[in-house]
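It should be emphasised that the depicted structure is a prediction, and the values quoted were computed from it without experimental measurement.
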Amino acid sequence: ATMALIFVGFSFTACEDDIDLDPNGNYDNIDGTYGSVKNVSGARDLSTITIFGSKAGTGQLYFELSSAATEAVTVKLKIDEEALKSYNTANGTSYAMYPESQVTFENGGTINIAAGSQKSEALNITISSNGGTGNTYALPISADVTAGGVKVSAASKSYIYLIKPYPEIPDSDKGTGMKAILYVEVNDENILNAGEYTMAGSGKPFFDVVNIFAANINYNSETKRVYINCNENVSHILKNADQYIRPLQAKGIKVVLTILGNHDEAGVANLGPEAAADFAREIKSYMDVYGLDGVDFDDEYSLYNERYGGSGQPPIESYIPSPGFVNPKGGGGSARLVYECRKIMPDKIISFYDFNAYVPSGTVEGEEVGTLLDYAYWGLYGSWQDRHGNITGLDKKKYNPIPINLNFSASNGGYRLSYIQNARNQGFGIQMFYDLRSGSYDYTELFNNVSNVIFGDEVEWTGVTYAKNSVSGTTVKPSYSSYIGSWDVASANSLYINYGGGYWDWSGSMAATMTIEEKVAGQSYTLYGWYGTADELPLIANYNS
């Protein structure tokens, strides 16, 4: 049977500025077969590889021909200082070479293309730390054809990476064995807000991990492969990683990209082995190019979830996967994806949002999938559920049984501190939070309550907030005096009151101008205008920082 999924070649959809949009490639417009060096992510020249401290970075290149090879082709990749000189001269730049001694080519830099094929497999280039920070270097790589009778395109014989070393990411560990992990809805909120909460005692960040929520997994019916798809908000963060991601990492916060289903058949739980390996390679490219610390999987909104197994729908057993996909039931598909990611990303975070029946389960190539995961989170907010045993081999230290929706919790008190204390007492190691909205709520009391349980310390908030897509913060932390004055207000809900024998029924939102005056300095206020009559009694409000 012919496989419907093709597993060769990549093209990023996250960053339009980086995508090579030329469908025909950069080939000389003359007869003959020509070859071209390409980035496995589809990014153009000068995509950045980020190196933290003593850790290494990775680039991935492949060689593509203008037509299928009539005989076997061998290509040798090499560092080419002359290519960088030519680039600097042509573009008025002055990039310095990254030390050649710190660069290692897989297979000695040799790439092979079999007769009848048009593309090679990807070749890894490992870039070790040079011990420096603050500078941006260039790594020019060129190709020589050593066998096969094809020519190298003059326009595309070289590829230039930028290499940017950063200091080691500080350790965020608070010494209690617990971690605080946050999902940020980047369609609404700026991830920089997560970095404004620190521990009063140690100064370490309150959040250990921030998940960018979310990129998507989609299926391309033309190329017959699954790929990462990013909306404009995720794309903005990735394209501006130095402004959004690096500041968090500099504080010790790991930044992870969540992958979410997106209303077609592709999902994180139904990829066959070859598709999972291919998708893992694309995920790794995102980690390398954007300097991310890991990947998180959320199995929602894929076609198999919407059509099968839901209310009033046929059971999952009736789902017949398209070629290249598998039935998600039993967790084998999601386990395979976790395995393939861990195989090529041994030092990255891999986590899973536990929301449905298709969580990773079983063993892959003899390894229990739970041992390959770093974290997993129960996904029904405000409820306690211990399902760590559903993920084969997962230690409860890696699981969160009581997630907190911050939007709901701040406005309605929707969390139970006793549940969090129970989780700590029973040996669970994760507290997950979702939907931080620093511009709308002061979370001081909530975070202090939780932090005293999981970290034995209180949380300090700088009061600085960042509007979406802004890298300039504004101090908004309220104080006693900040409430004094006249305010245009509106009720959020209908209000029914009984005052002096009269009844008012505001069946909807009511707008008014309310005046807040000092009663006891630093402690309380009197409020006028709360229902819009001149002879009203004031309300008394106590101030709580």
So, the side chain of [X] versus the backbone of [Y]: is there a donor-acceptor pair under 3.5 Å, distance only?
{"X": "Asn400", "Y": "Met432", "value": "yes"}
{"X": "Asn190", "Y": "Ser470", "value": "yes"}
{"X": "Ser36", "Y": "Glu64", "value": "no"}
{"X": "Gln249", "Y": "Gly291", "value": "yes"}
{"X": "Lys164", "Y": "Ile49", "value": "no"}
{"X": "Asn356", "Y": "Asp299", "value": "yes"}

Mind checking the [atom1]-[atom2] spacing from [X] to [Y]? Nearest 0.5 Å is all I need.
{"X": "Ile163", "Y": "Thr50", "atom1": "CD1", "atom2": "OG1", "value": "9.0 Å"}
{"X": "Ser129", "Y": "Gln102", "atom1": "OG", "atom2": "CD", "value": "7.0 Å"}
{"X": "Phe279", "Y": "Glu282", "atom1": "CZ", "atom2": "CD", "value": "6.5 Å"}
{"X": "Tyr377", "Y": "Ser351", "atom1": "OH", "atom2": "OG", "value": "3.5 Å"}
{"X": "Asn270", "Y": "Ser334", "atom1": "CG", "atom2": "OG", "value": "10.0 Å"}

Can you tell if the side chain of [X] reaches within under 4.5 Å of the side chain of [Y], non-hydrogen atoms only?
{"X": "Tyr375", "Y": "Ile350", "result": "no"}
{"X": "Trp378", "Y": "Ile402", "result": "no"}
{"X": "Val103", "Y": "Tyr98", "result": "yes"}
{"X": "Asn193", "Y": "Val184", "result": "no"}
{"X": "Val75", "Y": "Thr110", "result": "no"}
{"X": "Ser158", "Y": "Pro140", "result": "no"}
{"X": "Tyr161", "Y": "Thr48", "result": "no"}
{"X": "Ile349", "Y": "Val209", "result": "yes"}

Residues [X] and [Y]: side-chain donor-acceptor under 3.5 angstrom:
{"X": "Ser47", "Y": "Asn39", "result": "yes"}
{"X": "Ser142", "Y": "Tyr159", "result": "no"}
{"X": "Lys468", "Y": "Asn233", "result": "yes"}
{"X": "Tyr183", "Y": "Asp296", "result": "yes"}
{"X": "Glu265", "Y": "Ser322", "result": "yes"}
{"X": "Asn231", "Y": "Asn187", "result": "yes"}
{"X": "Asn211", "Y": "Thr258", "result": "no"}
{"X": "Gln426", "Y": "Asn422", "result": "no"}
{"X": "Asn229", "Y": "Asn216", "result": "no"}

Nearest heavy atoms of [X] and [Y], plus distance in Å:
{"X": "Ser128", "Y": "Ala56", "value": "CA-CB, 4.2 Å"}
{"X": "Ala214", "Y": "Val186", "value": "N-CG2, 4.4 Å"}
{"X": "Ala266", "Y": "Val226", "value": "CB-CG1, 3.5 Å"}
{"X": "Ala376", "Y": "Leu394", "value": "CB-CD2, 3.9 Å"}
{"X": "Glu222", "Y": "Asn220", "value": "N-OD1, 2.8 Å"}
{"X": "Val471", "Y": "Leu192", "value": "CA-CD1, 4.1 Å"}

Under the ring-ring contact (aromatic ring centres under 6.0 Å, His included) test, which residues partner Tyr434, sequence neighbours left out? Tyr381
Any residue meeting ring-ring contact (aromatic ring centres under 6.0 Å, His included) with Phe433, in chain and number order, not counting sequence neighbours: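 Partners of Phe433 under the ring-ring contact (aromatic ring centres under 6.0 Å, His included) test: Phe206, Phe207, Phe447.
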Output, in order, the C-alpha distance, side-chain angles, deciding distance and verdict of side chain to side chain donor-acceptor pair (under 3.5 Å) for Tyr166 and Asp242. CA-CA 11 Å; Tyr166 282 86; Asp242 283 351; 2.7 Å; yes
Quick one, Tyr219 with Tyr227, criterion ring-ring contact (aromatic ring centres under 6.0 Å, His included). Give me CA distance, side-chain angles, the key distance, then yes/no. CA-CA 6 Å; Tyr219 176 65; Tyr227 65 96; 8.6 Å; no
Considering residues at least two apart in sequence or located in another chain, which fulfil the side-chain contact (heavy atoms from CB on, under 4.5 Å) criterion with Asp386?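 For Asp386, the residues satisfying side-chain contact (heavy atoms from CB on, under 4.5 Å) (neighbours in sequence not counted) are Trp384, His388, Tyr399, Phe428.
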Flag the pair [X] and [Y] as a salt bridge only when some basic side-chain nitrogen lies within less than 4.0 angstrom of an acidic carboxylate oxygen.
{"X": "Lys398", "Y": "Asp395", "answer": "no"}
{"X": "Arg225", "Y": "Asp278", "answer": "yes"}
{"X": "Arg387", "Y": "Asp354", "answer": "yes"}
{"X": "Arg437", "Y": "Glu185", "answer": "no"}
{"X": "Lys254", "Y": "Asp374", "answer": "no"}
{"X": "Glu274", "Y": "Arg336", "answer": "no"}

Does NZ belonging to Lys343 count more than 12 external heavy atoms closer than 6.0 Å?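 Atom NZ in Lys343 is not crowded, with 12 or fewer foreign heavy atoms closer than 6.0 Å.
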Could you please spell out the steps behind the side chain to side chain donor-acceptor pair (under 3.5 Å) verdict for Ser285 and Gln60? CA-CA 8 Å; Ser285 293; Gln60 296 170 297; 2.9 Å; yes
May I have the step-by-step check of side chain to side chain contact (heavy atoms under 4.5 Å, CB included) for Arg424 and Gln431, ending in yes or no? CA-CA 9 Å; Arg424 173 78 192 276; Gln431 181 55 58; over 6 Å; no
Assess the residue pair Glu367 and Leu372 against the criterion (side chain to side chain contact (heavy atoms under 4.5 Å, CB included)); give the C-alpha distance rounded to whole Å, side-chain angles, the decisive distance to 0.1 Å, and a yes or no. CA-CA 8 Å; Glu367 297 191 64; Leu372 307 177; 3.3 Å; yes
For a side chain to side chain contact (heavy atoms under 4.5 Å, CB included) check, start with the C-alpha distance between Phe105 and Ile79, then their side-chain angles and the critical distance, and finish with the verdict. CA-CA 10 Å; Phe105 289 94; Ile79 296 174; 3.9 Å; yes
What do the steps show when you test Thr74 against Val145 for side chain to side chain contact (heavy atoms under 4.5 Å, CB included), and what is the final call? CA-CA 6 Å; Thr74 302; Val145 176; over 6 Å; no
